[in-house]
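All residue numbers in this chain count up from 1 along the given sequence. Atoms within a ligand are numbered from 1 in the order they appear, just like the ligands themselves.
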Amino acid sequence: VYQLLANPVRVSEQVSGAVILVLDVTEKQEAEKMRREFSANVSHELKTPLMSISGYAEIIENGMVRQEDIQNFAGRIHTEASRLSALVEDIIRLSRLDEAGEDELPMEPTDLYEICEDVRSHLSKSAADQKVTFGFRGVRAEITGVRQVLYEMVYNLCDNAIKYNRPGGRADLILDVVNGRPKITVKDNGIGIAKEDIDRIFERFYRVDKSHSRETGGTGLGLSIVKHGAILHNAKVTVDSEPGKGTDIEIVFN
Ligand code: ADP
């Protein structure tokens, strides 16, 4: 690539065609590498709950558990199965975002206020369980988009604002229109994110604290779905966070 670019004298239509081809190959190789890494991560992430499930089941099967502990073991199997199910659903959501054509993800006029209302009502119980006050305020706003994907984006951000919080904390969902552009803000006064992690949280399976994410049922894919959803809608996502103080995440649509 360098040689071709560094030799402008010889640039002709043919050569510039070759440059594009070479870059295309590099891009394909990069995409292929990312796919391989993703597959390796997926199989690791799937195996973890599966191994727990088969381990607990085997112990019960061999009669190695006291009668009074069976319920406890069944509960663990249930938790791991739910985790597995959440993981499979997120993997499917993400691959649909990556690979689906326009037919599968039809863009249509979508009411953002209604989506925010839906997310608020679906997460109110989980917020109450975690003793986090979760509020929504907003104005009416509509964009051309894919309803299901927009719902998943707002849901994942609010779910995080509630999960990575503390009893007595707050999580707020705000829908504004600024300079004619709809803006969704999710802010919390929870645990916050360190500077060095902010750049990485949108990577697939990246978690700042793996055990906390597992405890709260996180898949490590929530923010990757937000990122790919933002790309699909030509929206910009910004994160502002301080450990111990809280996190603000904004999505601005065009
Ligand atoms: P997870 O399923 O683990 O929540 P996400 O992709 O949604 O995965 O988020 C990636 C990581 O970013 C989380 O594991 C968590 O460490 C961090 N994170 C995301 N949102 C917040 C937040 N509001 N406050 C603090 N940490 C957060």
Side-chain angles (χ1 to χ4, degrees), residues 34 37-38 41-42 44-46 48-49 79-98 116 119-120 122-124 126-127 129-136 148-174 183-232 235-251:
M34 277 177 68
E37 276 172 12
F38 182 55
N41 281 335
V42 165
H44 172 77
E45 298 283 340
L46 291 175
T48 312
T79 307
E80 294 298 329
S82 307
R83 180 163 293 147
L84 197 56
S85 155
L87 198 56
V88 169
E89 276 169 26
D90 271 358
I91 289 168
I92 291 170
R93 287 188 184 116
L94 200 54
S95 64
R96 200 188 48 181
L97 271 176
D98 255 2
C116 292
V119 171
R120 193 203 54 80
H122 286 146
L123 280 172
S124 66
S126 119
D129 289 348
Q130 288 168 75
K131 301 195 168 41
V132 170
T133 308
F134 175 40
F136 162 55
Q148 184 56 31
V149 174
L150 291 162
Y151 176 86
E152 284 157 17
M153 292 166 70
V154 179
Y155 182 97
N156 290 344
L157 291 180
C158 294
D159 186 40
N160 284 347
I162 295 165
K163 276 191 319 198
Y164 301 107
N165 213 315
R166 289 172 285 228
R170 281 200 67 91
D172 286 288
L173 168 61
I174 302 147
K183 179 174 96 168
I184 290 174
T185 308
V186 178
K187 42 165 90 201
D188 65 69
N189 59 0
I191 63 174
I193 308 161
K195 248 198 183 70
E196 62 270 25
D197 291 311
I198 289 184
D199 287 343
R200 304 205 56 195
I201 54 173
F202 290 91
E203 288 173 20
R204 291 161 186 204
F205 297 119
Y206 187 81
R207 291 111 155 181
V208 176
D209 176 351
K210 229 176 163 116
S211 65
H212 185 45
S213 164
R214 260 180 77 78
E215 264 168 40
T216 53
T219 62
L221 294 176
L223 289 180
S224 302
I225 292 171
V226 172
K227 177 180 152 185
H228 284 82
I231 293 170
L232 180 74
K236 202 172 160 214
V237 183
T238 46
V239 183
D240 184 14
S241 186
E242 204 179 316
K245 289 252 167 74
T247 303
D248 270 30
I249 302 189
E250 272 182 20
I251 308 174

When distances are taken from atom 4 (O) of ligand 1, the protein heavy atom at minimum range is Y164 OH, 2.7 Å
Reported CD1-to-CG distance for the pair I198 and D240, which is rounded to 0.5 angstrom: 7.0 Å
How many angstroms lie between CD1 in I249 and CG in L223, if you round to the nearest 0.5 Å? 5.5 Å
Checking the N or O distance criterion of under 3.5 Å, is ligand 1 in contact with N160? yes
Of all the non-hydrogen atoms in the protein, which one sits nearest to atom 12 (O) of ligand 1, and at what distance? I201 CG2, 3.2 Å
Look up atom CG in N165 and atom CD in Q130, then write down how far apart they are to the nearest 0.5 Å. 8.5 Å
shortest atom 3 (O) of ligand 1-to-protein heavy-atom contact is with S213 OG, 2.6 Å
Report, in ascending order of atom number, the atoms of ligand 1 lying under 4.0 Å from any heavy atom of G222. 5 (P), 6 (O), 7 (O)
Show me the side-chain donor-acceptor pairs of residues 186-195 shorter than 3.5 Å, one per line, residues at least two apart or across chains.
unit_1	atom_1	unit_2	atom_2	d
D188	OD1	G190	N	2.8
D188	OD1	T247	N	3.3
N189	OD1	R170	N	2.7

What are the atoms of ligand 1, with element, lying closer than 4.0 Å to any heavy atom of G218? 1 (P), 2 (O)
Any N or O on I191 sitting closer than 3.5 Å to an N or O of ligand 1? no
Close-contact set for ligand 1 against G220 heavy atoms, below 4.0 Å: 1 (P), 2 (O), 3 (O), 6 (O), 8 (O)
Residues R93, D90: salt bridge by 4.0 Å N-O rule: yes
Short N/O distance, under 3.5 Å, between I193 and ligand 1? no
Below 30° counts as parallel, above 60° as perpendicular, anything between as tilted: where do the rings of H122 and Y151 land? perpendicular
State whether the side chain of S95 and the backbone N or O of I91 hold a donor-acceptor pair below 3.5 Å, judged by distance alone. yes
Salt-bridge test for R204 and E45: reply yes if a basic N is under 4.0 Å from a carboxylate O, no otherwise. no
Taking N or O atoms only and a 3.5 Å limit, does L223 qualify as a polar contact for ligand 1? yes
Measuring from L87:CG to L221:CG, what's the distance to the nearest 0.5 Å? 6.5 Å
Under 3.5 Å donor-acceptor, R166 side chain and K131 backbone: no
Using a 4.0 Å heavy-atom cut-off, which part of D188 comes near ligand 1: side chain, backbone, both, or neither? side chain
What atoms of ligand 1 come within less than 4.0 Å of a heavy atom belonging to V208? 14 (O), 16 (O)
Could you check whether any heavy atom of N156 sits closer than 4.0 Å to an atom of ligand 1, since that is the contact criterion I want to use? no
Would you mind listing which atoms of ligand 1 come within a distance below 4.0 Å of any non-hydrogen atom of Y206? 10 (C), 11 (C)
Does ligand 1 have any atom sitting under 4.0 Å from a heavy atom of K210? no
G192 near ligand 1, heavy-atom distance under 4.0 Å? yes
